[in-house]
Amino acid sequence: MKTFQLTLLAAALVLPGANAVAAGTIYVPNAFFALPVTDFATPSVASWEIWPPQDVGDVGVFYNSPSYATNNPDDYIYNCDGTQAAYFYGYPGLAIFQDYDSVDSTGGPPSHAFDATYEVGKSYQLLAGMIASTLFYNLSPGDILQMSLYYRDGSSNMVTVAATNMVFTTNVFTSITNFVTCELDVPPVQAGDAWAGRHIGIQFLSIIPTDAQPGGYWDLGNVVLTVTLAPALINPGLTNGQFGATLQSEPGLVFQILATTNLSVPLPHWTNVVTLPNVSGTTSFLDPATNYNQRFYQAHQLPQP
């Protein structure tokens with residue numbers, strides 16, 4: 001009796017030089033901190049909740065005037081998307097966050113505008129631009145701005161899915177005129193994950209270690225959340241003695257379907273069954289071979305032209 005096993009390695013084994021797997025951008029309200037509109041600075045951030053609630057100006061948005069590039073070149077963020085960004089005081093426990101049920105810091109009930117959920121089989125990436133500002137009160141080396149993705153449990157507690165700490169050091173944050181892009185990745189969501197199907201939350205939190213001092217400001221902008229469908233081989237079966245399956249991935253990618261009878265064989269020596277353009281996001285294949293009692297399969301993404 002013939003047996004077939006289906007194997008798909010993480011990230012679909014992107015070949016060196018390949019472009020990143022295609023991803024979709026998730027709508028995050030006021031992701032570039034364009035609201036409320038200000039001609040200088042204002043202590044509120046539309047769509048984002050501030051904790052603890054405050055009106056003293058520890059968090060807000062400011063105008064990154066294009067005229068600064070000419071008149072005050074050391075006071076302009078050149079890689080800021082849009083004309084505004086957020087400022088964030090380096091005080092322990094100060095946070096801004098946003099999810100389906102968060103309350104807009106400008107007032108009013110939750111808008112439910114951020115309606116994205118963690119979907120099974122999809123991975124997520126959060127990018128944000130940060131500057132350890134030295135224009136006002138200097139941050140202390142070691143001060144942290146943490147960014148995280150979270151969900152709310154049945155009791156509405158915020159539960160972290162993934163987090164990364166950006167630590168202020170002068171060798172990383174070398175400039176106040178360009179954002180340092182910070183990245184946070186969440187692997188493909190599994191059906192058994194507690195956050196599967198829950199609403200996505202984004203948080204930025206100030207952390208001051210015991211050997212550091214509170215004070216100073218972070219600048220924050222260019223928040224982008226993307227989602228990628230993890231490649232998967234599904235619906236395996238036999239058709240007239242030939243093994244077949246369906247490849248599911250982001251549309252527009254090209255894969256090799258590779259096979260071997262021995263998992264210890266190095267990848268370059270696996271057999272190329274078929275090169276498979278996945279134009280629509282799902283496409284099927286049949287292995288023409290019929291004379292194997294056992295064979296292993298995987299999808300291998302090829303570089304995009």
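Note that this is a predicted model, so its numbers are computed, not measured. Throughout, numbering of the chain's residues begins at 1 and tracks the sequence. Only heavy atoms go into these numbers, but all of them, side chains included; no hydrogens, no water, no symmetry mates.
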Closest contact, heavy atoms only, [X] versus [Y]:
| X | Y | result |
| --- | --- | --- |
| D143 | A212 | OD1-CB, 3.2 Å |
| I77 | D219 | CD1-OD2, 4.1 Å |
| P214 | P92 | CB-CD, 3.9 Å |
| P36 | A46 | CD-N, 3.7 Å |
| L139 | G215 | CD2-O, 3.0 Å |
| N278 | S249 | ND2-OG, 2.8 Å |

Taking [X] for the side chain and [Y] for the main chain, is one N or O donor matched with an acceptor at less than 3.5 Å?
| X | Y | answer |
| --- | --- | --- |
| N222 | D81 | yes |
| S65 | S67 | yes |
| T283 | L247 | no |
| Q84 | T38 | yes |
| Q146 | I207 | no |
| T271 | V273 | no |
| Q125 | T226 | no |
| N165 | V167 | no |
| Q248 | T282 | no |
| E183 | T181 | no |

For the rings on [X] and [Y], is their centre-to-centre separation under 6.0 Å?
| X | Y | value |
| --- | --- | --- |
| Y297 | F243 | yes |
| Y76 | Y78 | yes |
| F33 | W48 | yes |

Report whether [X] and [Y] are members of the same hydrophobic cluster (ILVMFWY, side-chain heavy atoms less than 4.5 Å apart, transitive linking).
| X | Y | answer |
| --- | --- | --- |
| L258 | V265 | yes |
| V274 | L238 | yes |
| F179 | I96 | yes |
| Y91 | M147 | yes |
| L145 | V180 | yes |

For residues [X] and [Y], determine if any side-chain heavy atom of one lies less than 4.5 Å from a side-chain heavy atom of the other.
| X | Y | answer |
| --- | --- | --- |
| L149 | L225 | yes |
| I257 | D287 | no |
| T228 | E250 | yes |
| H300 | W270 | no |
| H112 | D101 | yes |
| L205 | S148 | no |
| L94 | V59 | yes |
| W195 | D193 | yes |

Measure the spacing between [atom1] of [X] and [atom2] of [Y] and express it to the nearest 0.5 Å.
| X | Y | atom1 | atom2 | result |
| --- | --- | --- | --- | --- |
| M130 | F168 | CE | CZ | 14.0 Å |
| I26 | T117 | CD1 | OG1 | 8.5 Å |
| F114 | S102 | CZ | OG | 8.5 Å |
| N79 | N178 | CG | CG | 4.5 Å |
| S156 | Y151 | OG | OH | 12.0 Å |
| L220 | F32 | CG | CZ | 11.5 Å |

Step through the shown structure and confirm whether more than 12 heavy atoms of other residues, nucleotides or ligands are within 6.0 Å of CG on D39.
-> no
Answer yes or no: does atom CG of N240 have more than 12 heavy-atom neighbours from other residues, nucleotides or ligands under 6.0 Å?
-> no
Worked check of side-chain contact (heavy atoms from CB on, under 4.5 Å) between V189 and E119 = CA-CA 6 Å; V189 178; E119 298 182 54; over 6 Å; no
Residue of the set F88, F173, Y87 for which ring pair (Phe, Tyr, Trp, His ring centres under 6.0 Å) holds with Y217 | Y87
Result of checking R198, R152, Q203, H199 against D99 for side chain to side chain donor-acceptor pair (under 3.5 Å) | R152
Residues sharing Y63's hydrophobic cluster, by side-chain heavy-atom contacts under 4.5 Å among ILVMFWY, directly or via others?
-> none
Run the side-chain contact (heavy atoms from CB on, under 4.5 Å) check on Q298 and L267 step by step: do they pass?
-> CA-CA 10 Å; Q298 68 176 250; L267 181 65; 3.5 Å; yes
Derivation of the side-chain contact (heavy atoms from CB on, under 4.5 Å) call for V227 and Y124 | CA-CA 5 Å; V227 57; Y124 297 84; 3.4 Å; yes
